[in-house]
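This report concerns only the one structure given below.
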2 protein chains.
Amino acid sequence: MDDESLSTILKAASDPTRRAILTLLAQQGPLRVTDIHSRFDMSLNSVSKHIKALERAGLVKRRTEWREHLIEVDMGPLSLIDAWFAELRSIWELRLEALDGILSKEDPEDDRPEPDRRTRHRRRA
Amino acid sequence: MDDESLSTILKAASDPTRRAILTLLAQQGPLRVTDIHSRFDMSLNSVSKHIKALERAGLVKRRTEWREHLIEVDMGPLSLIDAWFAELRSIWELRLEALDGILSKEDPEDDRPEPDRRTRHRRRA
DNA sequence: CATTCGTTCAACCATATAGGTGAATAATAT
DNA sequence: ATATTATTCACCTATATGGTTGAACGAATG
């Protein structure tokens with residue numbers, strides 16, 4: 001549905017460091033920014049930025065207790081991606097079924113322009 | 001498994017135009033670059049680049065017949081993403097189960113540093 | 001042969017982002 | 001009050017990417 005948040009989520013997940021952070025959080029549970037930083041050979045600032053990217057995508061949630069910011073993974077948005085994949089797959093399968101049904105009936109030329117190989121020059125609407 | 005190709009796939013899928021191209025291909029079947037271009041308000045060159053990005057990610061395959069390049073969607077790589085999600089989820093659930101098991105047994109302090117709220121200064125290894 | 005069509009390649013610009021450093025803020029400990 | 005710890009904010013640089021335009025290439029038509 002929401003195309004923009006889908007982009008944000010996928011883009012956030014497309015970075016190896018961010019995926020590693022997600023994995024770390026999944027197996028270790030809520031951690032502080034500093035704890036996460038200690039696992040990576042990278043400046044604390046960069047880690048903080050990555051976390052903010054994950055936060056923007058909704059893949060992690062921040063729970064601020066006293067002076068520590070606990071970061072925990074949120075599996076929710078992943079289902080959005082699942083849903084998109086499922087939709088794409090179903091569209092694809094629907095087309096195949098429809099193709100099956102048409103195979104012997106309609107004039108195939110005006111439905112989808114099936115390339116008529118090695119005839120004279122292709123013109124299409 | 002292959003972290004780099006996972007990044008490539010997710011990044012390719014993170015662009016709205018590219019997702020639209022995938023959807024179009026899923027419902028229309030194999031199309032030429034020009035056909036795809038006609039659906040978007042964008043230069044042919046840009047469309048060509050997007051297609052190459054999708055190709056690099058393995059999300060579409062190119063079938064060159066005579067002088068036309070037929071582009072068709074390939075659902076294969078999507079399973080790679082599915083697999084990663086599933087792995088992440090299972091790691092997460094495993095931790096929860098383990099937490100359940102430990103609840104009353106071990107010294108909780110050296111397993112995962114559970115923040116001991118408002119005690120004296122935190123020091124960690 | 002010259003022309004047209006489908007596609008890619010090359011150069012270019014604007015913008016976004018990953019990474020860094022250093023200062024600022026907030027809260028606790030001494 | 002001062003020092004220490006945790007986090008963020010602001011700024012800078014390099015690189016990647018989306019988009020453009022224009023030229024080049026290969027194949028089929030006339």
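All values below come from the heavy atoms of this structure, side chains included, with hydrogens, waters and symmetry mates left out. Predicted, not measured: the structure shown is a model, and the values here were computed from it. Every chain is numbered from 1 and lettered A, B, ... according to where its sequence line falls, protein lines coming before strand lines.
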What's the CZ-C1' distance between Arg62(A) and dT7(D), to the nearest Å? 8 Å

Between Asp3(A) and Arg19(B), does any NZ, NE, NH1 or NH2 come within less than 4.0 Å of an OD or OE carboxylate oxygen? yes

Starting from the first five and the last five pairs of the helix from dC1(C)-dG30(D) to dT30(C)-dA1(D), work out the angle between the resulting helix axes, to 10 degrees. 10°

Which whole-number value in Å describes the distance from Ile51(B) CD1 to dC9(C) P? 13 Å

What's the shortest heavy-atom distance between Ser79(B) and Gly76(B), and which atoms? OG-O, 2.7 Å

Using a 4.0 Å heavy-atom cut-off, does Ser46(B) contact any base of the nucleic acid, only the sugar-phosphate backbone, or nothing at all? base

Could you tell me whether the side chain of Arg18(A) and the main chain of Ala12(A) form a donor-acceptor pair under 3.5 Å? yes

Nearest-Å distance, CD (Glu4(A)) to P (dA16(C))? 13 Å

Using modelled atom types only, decide if a donor and an acceptor are shared between the side chain of Arg62(A) and the backbone of Glu55(A) within a distance under 3.5 Å. no

From the list dT21(D), dG6(C), dT8(D), which nucleotide is the closest neighbour of the side chain of Ser43(B)? dT21(D)

Would you check, one step at a time, whether the test side chain to side chain contact (heavy atoms under 4.5 Å, CB included) holds for Thr8(A) with Lys11(A)? CA-CA 5 Å; Thr8(A) 310; Lys11(A) 191 163 189 179; 5.9 Å; no

Measure the CG-CG distance between Leu22(A) and Asp15(A) for me, rounded to the nearest 0.5 Å. 10.0 Å

Between the main-chain N or O of Met42(B) and the side-chain N or O of His37(B), is there a donor-acceptor pair closer than 3.5 Å? yes

Between dT7(C) and Ser48(B), is there an OP1 or OP2 to side-chain N/O distance shorter than 4.0 Å? no

As a quick check of understanding, evaluate salt bridge (charged side-chain N to carboxylate O under 4.0 Å, His left out) for Asp82(B) and Arg89(A), giving each step before the final call. CA-CA 13 Å; Asp82(B) 277 346; Arg89(A) 260 192 254 259; 2.8 Å; yes

What is the distance from CG of Leu70(A) to C1' of dT7(D), rounded to the nearest Å? 13 Å

Among dT7(C), dG18(D), dT7(D), which nucleotide has an atom closest to any side-chain atom of Thr34(A)? dT7(D)

For atom CG of Leu31(B) and atom C1' of dT7(C), their distance in whole Å: 15 Å

Under 3.5 Å, N/O pairs linking protein and nucleotides 9-11 of chain D:
unit_1	atom_1	unit_2	atom_2	d
dC9(D)	OP2	Lys52(A)	NZ	2.5
dC9(D)	N4	Asn45(A)	OD1	2.5
dC9(D)	N4	Asn45(A)	ND2	2.9

So, OP1 or OP2 of dA6(D): does either fall under 4.0 Å of a side-chain N or O from His37(A)? no

d(NE2, His50(A); P, dT7(D)) in whole Å: 17 Å

Rounded to whole angstrom units, what separation is found between the CG atom of Asp41(A) and the C1' atom of dA18(C)? 15 Å

Arg18(B) CZ - dG19(D) C1' separation (whole Å): 12 Å

Comparing nearest nucleotides in DNA chain D, the 5'-proximal residue of the pair Ile71(A), Ala53(B) is Ile71(A)

How close do Thr34(B) and Leu44(B) get, heavy atom to heavy atom, and via which atoms? CA-CD1, 4.2 Å

Quick check for you: among dT7(D), dA18(C), dG20(C), whose closest atom lies nearest to any side-chain atom of Asp15(A)? dA18(C)

Do you know which two heavy atoms are closest between Ile51(A) and Val60(A), and how far apart they sit? O-CG2, 4.0 Å

